[in-house]
**Q** 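Below is a structure I'd like to ask you about.
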Amino acid sequence: MRNLVSTVLLGSTFAFLGTASAAGSFSLTSTVIKDGQTIPMSVVYDQMGCKGGDKSPDLSWSGAPAGTKSYAVTIYDPDAKTGSGWWHWTVFNIPANVDHLAAGAGAEDSKDLPKGAIQGRTDFGFSHFAGPCPPTADAPHHYHFTVYALKVDKLPVDKNASGASVGNYIQQDMLAKAEIVGISAGGDDHK
């Protein structure tokens with residue numbers, strides 16, 4: 001019996017590793033945002049005590065799993081003291097043949113987004129990119145720049161959808177995700 005249990009557990013472990021390896025080839029890169037490093041001023045918000053460029057960074061991805069029909073990109077701060085984090089950007093319905101977003105694609109009324117892509121509403125209350133700017137007294141915040149490979153062509157939401165709503169649909173239809181985590185200190189450090 002012990003050998004049977006060990007064999008089943010070992011088989012389950014290999015099955016899990018096989019799935020993780022397939023999803024593990026999906027990756028996200030940027031020339032501006034580096035994993036575990038400070039977010040540059042070009043991306044930092046330009047209000048609320050911060051004086052940054054407030055420009056969405058370039059993002060490129062590769063290795064999406066078979067069956068990917070679209071992508072979504074989010075920037076989320078789980079360290080915001082709101083009880084539910086803070087959504088800085090959501091972009092969804094990015095066609096499956098697209099593998100990057102150019103720097104600045106998150107501008108209001110952007111012409112640099114792929115055809116059909118939609119920017120959802122941030123926690124600032126508008127539907128375009130807003131850079132990091134944590135409160136002055138806070139410890140550094142971690143900003144998750146994430147791309148999701150989705151099994152659907154389109155999410156059933158529009159530009160008025162909150163980050164939480166977009167995130168909910170992403171979780172339901174996600175095949176794989178890849179992320180870069182950038183770090184930003186409080187507002188006084190961004191003047």
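These numbers come from the heavy atoms of this one structure, side chains and all, not from hydrogens, waters or symmetry mates. Throughout, numbering of the chain's residues begins at 1 and tracks the sequence.
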**Q** Do you know which two heavy atoms are closest between S84 and Y76, and how far apart they sit?
**A** O-OH, 2.8 Å

**Q** In the hydrophobic clustering that connects Ile, Leu, Val, Met, Phe, Trp and Tyr at side-chain heavy-atom distances below 4.5 Å, which members other than M174 occupy its cluster, ordered by chain and number?
**A**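 Traced through the cluster, M174 reaches F92, I118, Y148, L150, V152, L155, V157, V166, Y169, I170.
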
**Q** Could you check if a side-chain atom of T90 sits within less than 4.5 angstrom of a side-chain atom of V73, using non-hydrogen atoms only?
**A** no

**Q** List in chain and number order the residues that pass side-chain contact (heavy atoms from CB on, under 4.5 Å) with D77, two or more places apart in sequence or in another chain; answer none if no residue qualifies.
**A**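 D79, A80, W86, H88, H141, Y143.
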
**Q** List the residues meeting salt bridge (Lys or Arg N to Asp or Glu O under 4.0 Å) with K81, not counting sequence neighbours, and say none if there are none.
**A**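 Checked K81 against salt bridge (Lys or Arg N to Asp or Glu O under 4.0 Å); matches are D138.
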
**Q** If I take atom CD1 from residue I180 and atom CG from residue L59, how far apart are they, to the nearest 0.5 angstrom?
**A**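 One finds 6.5 Å between CD1 of I180 and CG of L59.
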
**Q** Minimum heavy-atom separation for V44 to P132, with atom names?
**A**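 Taking V44 first and P132 second, the nearest heavy atoms are CG1-O, 3.3 Å.
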
**Q** Taking all atoms of both residues into account, what is the closest heavy-atom pair of P57 and F145, and its distance?
**A**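 Taking every non-hydrogen atom into account, CG-CE2, 3.7 Å.
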
**Q** With sequence neighbours left out, write down each residue that passes side chain to side chain donor-acceptor pair (under 3.5 Å) with S162, or none if nothing qualifies.
**A**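 S162 satisfies side chain to side chain donor-acceptor pair (under 3.5 Å) with no residue once adjacent residues are dropped.
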
**Q** Distance alone, cut at 3.5 Å: any donor-acceptor contact between the side chains of S62 and S27?
**A**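 S27 and S62 do have a side-chain donor-acceptor pair below 3.5 Å.
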
**Q** Who pairs with K69 by side-chain contact (heavy atoms from CB on, under 4.5 Å), at least two apart in sequence or on another chain?
**A** D153

**Q** Go through the structure and list residues passing side chain to side chain donor-acceptor pair (under 3.5 Å) with T31, not counting sequence neighbours.
**A** D58

**Q** I want to check something: taking the side chain as every heavy atom from C-beta on, are L175 and P65 in contact at a cut-off of under 4.5 Å?
**A**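 A side-chain contact exists here, since the closest heavy-atom pair is under 4.5 Å.
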
**Q** Got more than 12 heavy atoms from elsewhere within 6.0 Å of NZ, K34?
**A**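 Result for NZ/K34: enclosed.
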
**Q** Do S30 side-chain atoms and V32 backbone N/O form a donor-acceptor pair below 3.5 Å?
**A** yes

**Q** Write down the atom of A149, the atom of T68, and the distance for their closest heavy-atom approach.
**A** CB-OG1, 3.5 Å

**Q** Going by ring-ring contact (aromatic ring centres under 6.0 Å, His included), name the pairs with one or both residues in residues 50-72, residues two or more places apart or in two chains.
**A**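 Qualifying pairs, neighbours excluded: W61-Y71.
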
**Q** Quick one: does S56's side chain have a donor or acceptor within less than 3.5 Å of a partner on A105's backbone?
**A** yes

**Q** Could you pull out all residues at least two apart from N168 that satisfy side-chain contact (heavy atoms from CB on, under 4.5 Å)?
**A** Q172

**Q** Does anything in residues 110-129 pair up under side chain to side chain donor-acceptor pair (under 3.5 Å), and if so which pairs, sequence neighbours excluded?
**A** W89-Q119

**Q** side-chain contact (heavy atoms from CB on, under 4.5 Å) with I183: which residues, sequence neighbours excluded?
**A**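 Residues passing side-chain contact (heavy atoms from CB on, under 4.5 Å) with I183: P140, H142.
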
**Q** K51 vs D46, test: side chain to side chain contact (heavy atoms under 4.5 Å, CB included). Steps then yes/no.
**A** CA-CA 4 Å; K51 299 190 186 309; D46 190 31; 4.2 Å; yes

**Q** Contact between I39 and I33 at the side-chain level, heavy atoms closer than 4.5 Å - yes or no?
**A**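 Heavy-atom side-chain distance check passes, below 4.5 Å.
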
**Q** Using the ring-ring contact (aromatic ring centres under 6.0 Å, His included) rule, pick out the option among W87, Y45, F129 that qualifies with F124.
**A** Y45

**Q** So Q47 and C133, do their side chains get closer than 4.5 Å, heavy atoms only?
**A**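 No - every pair of side-chain heavy atoms lies 4.5 Å or more apart.
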
**Q** Any chance you could measure I94, atom CD1, to D99, atom CG, to the nearest 0.5 Å?
**A**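 Between I94 CD1 and D99 CG, I get 11.0 Å after rounding to 0.5 Å.
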
**Q** Show the nearest heavy-atom pair for residues P114 and P95, with the distance to one decimal.
**A** CB-CD, 3.9 Å

**Q** Listed by chain and number, what are the side chain to side chain donor-acceptor pair (under 3.5 Å) partners of H100, not counting sequence neighbours?
**A** none

